[in-house]
> 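Would you mind keeping the following structure in view while I ask a few things?
So you know, we letter chains A, B, ... as the sequences are listed, proteins then strands, and number each from 1.
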Amino acid sequence: MTTLLEPLLKSSQIPVQPSSYAAVFKAFTGKSLLKQGQQLHGHMFLRGLRPNAFLAAKMVAMYASSGDITSASTIFHSTRNPSPLLFNSIIRAFSLYKLSSETLHVFVRMRYLCFRGDYFTYPFVLKSVADLGFVRLGECTHGSSMKDGLDFDVYVATSLIDMYVKCGELCDARRLFDEMPVRDVSSWNVLISGYMRDGAIDLARELFDEMPLKNIVSWTTMISGYTQNGLAGEALQLFDEMSREDSEVKPNWVTIMSVLPACGHSSALDKGRMIHNFAQEKGLDSHPSVQTALVGMYAKCGSLANARFCFDRIKPNLRNLVAWNTMITAYASHGHGTEAVRTFECMIQAGVHPDGITFTGLLSGCSHSGLVDIGLRYFDSMNSVYFVEKKHEHYACVIDLLGRAGRLVEAYDLISKMPMQAGASVWGSLLAAGRSHRNLEIAELAAKKLFVLEPENSGNYVLLSNMYAEAGMWEEVDNLRGLLKSQSVKKNPGCSWIEINGKAHLFLGGNKSHAQTARIYSFLEELPEKMKAVGYVPDTSFALHDVSEEEKEHSLTTHSQKLAIAFGILNTSPGTVLRVTKNLRICGDCHAAIKFVSRIYEREIIVRDVNRFHRFRKGCCSCGDYW
DNA sequence: CTAGGGTTAG
């Protein structure tokens with residue numbers, strides 16, 4: 001491009017026609033040639049040429065595409081007779097920079113000057129409206145597009161649907177879609193995405209099945225929609241379907257990035273590895289966002305080493321906030337607090353500014369590793385050093401930090417000093433702390449708040465009930481059970497799953513429907529004796545039943561967690577690492593039992609519960625019994 | 001010119 005500029009600057013017959021300049025500005029647009037553009041601008045200025053509206057439009061486009069929105073804005077504002085083209089250029093520029101209110105401001109002025117919007121104007125204006133989420137404004141814009149006779153233009157109508165979707169007006173979006181005379185793949189995609197974001201999975205699926213032509217975005221929208229609605233299985237199924245050889249669409253990097261969290265969610269390590277290999281083969285693994293998604297996938301599948309490996313493969317200058325956050329959270333969930341802290345400091349060194357998510361990761365990392373004072377210091381520095389607002393979730397982390405360490409009074413004190421109303425996560429942390437430090441008074445206090453805040457959460461009743469049971473307070477246990485019934489709380493059934501050779505095997509507590517039930521149960525029946533021989537004492541306080549000690553012990557042996565581990569030991573060769581995932585928090589008895597199992601059978605067992613990872617080796621757990 | 005996106009405590 002410089003070749004275009006040099007002769008122009010040196011030539012004795014320097015162009016005087018604004019249109020010549022305009023042509024060169026246009027040539028510079030979209031090629032990050034800011035320096036050359038500025039040079040040309042300066043040259044023009046020295047020649048005393050004031051840009052007309054047409055030239056200004058080209059300059060705006062050049063500056064906007066080169067990252068200098070300020071200059072673009074200045075040029076727009078200093079042009080005296082703006083044309084519709086100039087308005088379109090600046091509207092496009094502001095909208096791309098997410099300067100939504102500026103976009104609308106300019107659009108209003110454009111209307112005031114009685115210029116018609118065209119199909120280059122409305123999509124950008126509507127995008128800004130969508131970003132702001134102002135339905136009323138959207139309706140006005142809709143009306144305006146009708147007046148200009150463009151409301152059924154494919155682009156404009158699709159943008160209108162997207163706007164209604166993003167403002168939460170799904171019905172209006174649907175009506176418009178149904179009325180459209182001509183639809184585009186994008187029109188379908190916009191609505192599908194809207195339904196998915198609204199959790200209307202079935203409606204999304206219906207449209208997807210119905211649409212005449214699907215492109216890669218349609219497929220990816222469905223996959224990420226399933227993932228975000230917690231339907232990992234459906235996401236993976238759809239991914240497989242579209243990856244078949246005869247499929248007319250091919251996954252791209254966005255698809256890969258969208259499907260990886262589904263592997264993470266279901267702890268499908270083998271599946272995740274397969275997708276990683278697939279991405280490598282197709283050259284789709286070089287994008288930093290894909291690499292970040294890989295870090296998250298490996299971390300959630302229990303493979304911290306692979307997570308770190310993928311993180312290191314991201315080019316240092318491309319490690320953005322999300323990448324750092326993912327790595328910090330990975331260490332935190334695996335109980336590697338010191339590493340989380342070290343990673344945080346590296347991030348600061350690298351000049352990346354932390355956000356709220358960084359601190360939830362960092363603080364929970366400190367919490368899981370007992371780094372109480374370090375955590376408290378970071379909490380204090382959030383506002384003052386890093387200018388990150390302390391939000392409710394950060395208080396929840398710090399209450400957890402103090403609570404785990406047994407500093408219950410301080411934790412309670414902090415709750416009373418919170419600048420906002422303490423919610424369920426804060427009281428939940430306190431309840432857990434009361435439980436693990438056997439402080440019935442604190443636990444009762446927290447539980448009472450929780451019964452009001454989230455009456456449907458069975459976990460709270462179970463936790464308190466277990467504490468009553470442990471203290472032999474059977475009357476209170478009965479009362480709680482009554483309360484549980486009257487509130488018609490559904491007990492969230494515990495389940496665990498293990499992946500063997502790429503296939504997931506799911507176990508429910510006490511369930512006997514698995515094909516190998518007999519083997520599993522006989523394995524588990526022999527287990528207590530073996531464990532008792534090396535010093536195990538069952539902790540029956542984790543069984544929520546007012547029954548004899550013997551029976552309690554039995555129901556413990558069939559916790560889903562133990563079924564999955566028994567199945568794993570029976571179906572893998574000696575020495576294979578077992579990875580088990582549980583939908584609830586791991587119970588104390590299972591935790592103790594797995595420690596023994598890891599020793600007796602010489603296995604490394606990695607357990608992921610709702611909160612974190614436990615890595616059992618040689619009779620010890622990575623959490624140091626601190627969870 | 002419109003559509004799909006990786007990180008969030010307990």
> With sequence neighbours left out, write down each residue that passes side-chain contact (heavy atoms from CB on, under 4.5 Å) with A/Ile69, or none if nothing qualifies.
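Once residues adjacent in sequence are excluded, the partners of A/Ile69 under the side-chain contact (heavy atoms from CB on, under 4.5 Å) criterion are A/Ala72, A/Ala93, A/Phe94, A/Tyr97, A/Leu99.
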> Is A/His287 touching bases, backbone alone, or none of the nucleic acid, heavy atoms closer than 4.0 Å?
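Answer is base: heavy atoms of A/His287 come under 4.0 Å of a base.
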> Base, sugar-phosphate, or nothing for A/Gln228, non-hydrogen atoms under 4.0 angstrom?
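Result for A/Gln228 = sugar-phosphate.
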> What does A/Trp324 touch in the nucleic acid at a heavy-atom separation under 4.0 angstrom: a base, only the sugar-phosphate, or nothing?
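Nothing, no nucleic acid heavy atom in range.
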> If you look at every strand shown and take non-hydrogen atoms under 4.0 Å, does A/Arg197 touch a base, only sugar-phosphate, or nothing?
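Answer is sugar-phosphate: A/Arg197 comes under 4.0 Å of backbone atoms only.
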> Using a 4.0 Å cut-off to any heavy atom of chain A, which nucleotides of DNA chain B are the first and last in contact, reading 5' to 3'?
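Listing 5' to 3', DNA chain B meets chain A from B/dC1 to B/dG10.
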> Under 4.0 Å between any heavy atoms, over every strand shown, what does A/Val322 touch: base, sugar-phosphate, or nothing? Just pick one.
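Base contact.
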> Can you list the residues that meet the salt bridge (Lys or Arg N to Asp or Glu O under 4.0 Å) rule with A/Arg608, with sequence neighbours excluded?
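A/Arg608: no salt bridge (Lys or Arg N to Asp or Glu O under 4.0 Å) contacts found.
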> Apply salt bridge (Lys or Arg N to Asp or Glu O under 4.0 Å) to A/Glu454 and list each qualifying residue two or more places apart in sequence or on a separate chain.
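Scan of A/Glu454 (salt bridge (Lys or Arg N to Asp or Glu O under 4.0 Å), adjacent residues dropped) gives none.
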> Just call it for A/Asn252: base, sugar-phosphate, or nothing, with non-hydrogen atoms closer than 4.0 Å on any strand.
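Base contact.
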> Determine the contact category for A/Thr329: base if any of its heavy atoms lies under 4.0 Å from a base atom, sugar-phosphate if only primed atoms, P, OP1 or OP2 are that close, otherwise nothing.
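Sugar-phosphate contact only - A/Thr329 comes under 4.0 Å of backbone atoms but never of a base.
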> Mind checking side chain to side chain donor-acceptor pair (under 3.5 Å) for A/Lys271 and listing every partner two or more places apart, or none if nothing turns up?
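Residues passing side chain to side chain donor-acceptor pair (under 3.5 Å) with A/Lys271: A/Asp240.
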> Classify the nucleic acid contact of A/Asn320 as base, sugar-phosphate or nothing, counting any heavy atom under 4.0 Å across all strands shown.
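A/Asn320: base contact, heavy atoms under 4.0 Å.
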> Is there a donor in the side chain of A/Arg407 and an acceptor in the side chain of A/Tyr412, or the other way round, less than 3.5 Å apart?
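Result is no, nothing qualifies.
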> For A/Gly423 and A/Leu453, work out which heavy atoms get closest and say how close.
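The answer is C-CD1, 3.9 Å.
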> Among pairs that include at least one residue of residues 337-346 of chain A, which meet salt bridge (charged side-chain N to carboxylate O under 4.0 Å, His left out), considering only residues two or more places apart or in two chains?
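Pairs touching residues 337-346 of chain A that pass the test: A/Glu339-A/Arg342.
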> Looking across every strand, which nucleic acid part, if any, lies under 4.0 Å from A/Tyr155 by heavy atom: base, sugar-phosphate, or nothing?
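Base contact.
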> Within residues 211-225 of chain A, find the residues that approach DNA chain B with a heavy atom at under 4.0 Å, and present them sorted by residue number.
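Under 4.0 Å from DNA chain B: A/Asn215, A/Ile216, A/Val217, A/Thr220, A/Thr221, A/Ser224.
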> Have a look at A/Ser258 and say if it touches a base, only the backbone sugar-phosphate, or nothing, with a 4.0 Å heavy-atom cut-off.
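Answer is sugar-phosphate: A/Ser258 comes under 4.0 Å of backbone atoms only.
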> With heavy atoms under 4.0 Å as the rule, sort A/Thr292 into base, sugar-phosphate or nothing.
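Answer is base: heavy atoms of A/Thr292 come under 4.0 Å of a base.
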> Under the salt bridge (Lys or Arg N to Asp or Glu O under 4.0 Å) test, which residues partner A/Asp118, sequence neighbours left out?
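If we apply the salt bridge (Lys or Arg N to Asp or Glu O under 4.0 Å) test to A/Asp118, skipping adjacent residues, there are no hits.
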> Quick one: salt bridge (Lys or Arg N to Asp or Glu O under 4.0 Å) partners of A/Lys214, sequence neighbours excluded?
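Checked A/Lys214 against salt bridge (Lys or Arg N to Asp or Glu O under 4.0 Å); zero matches.
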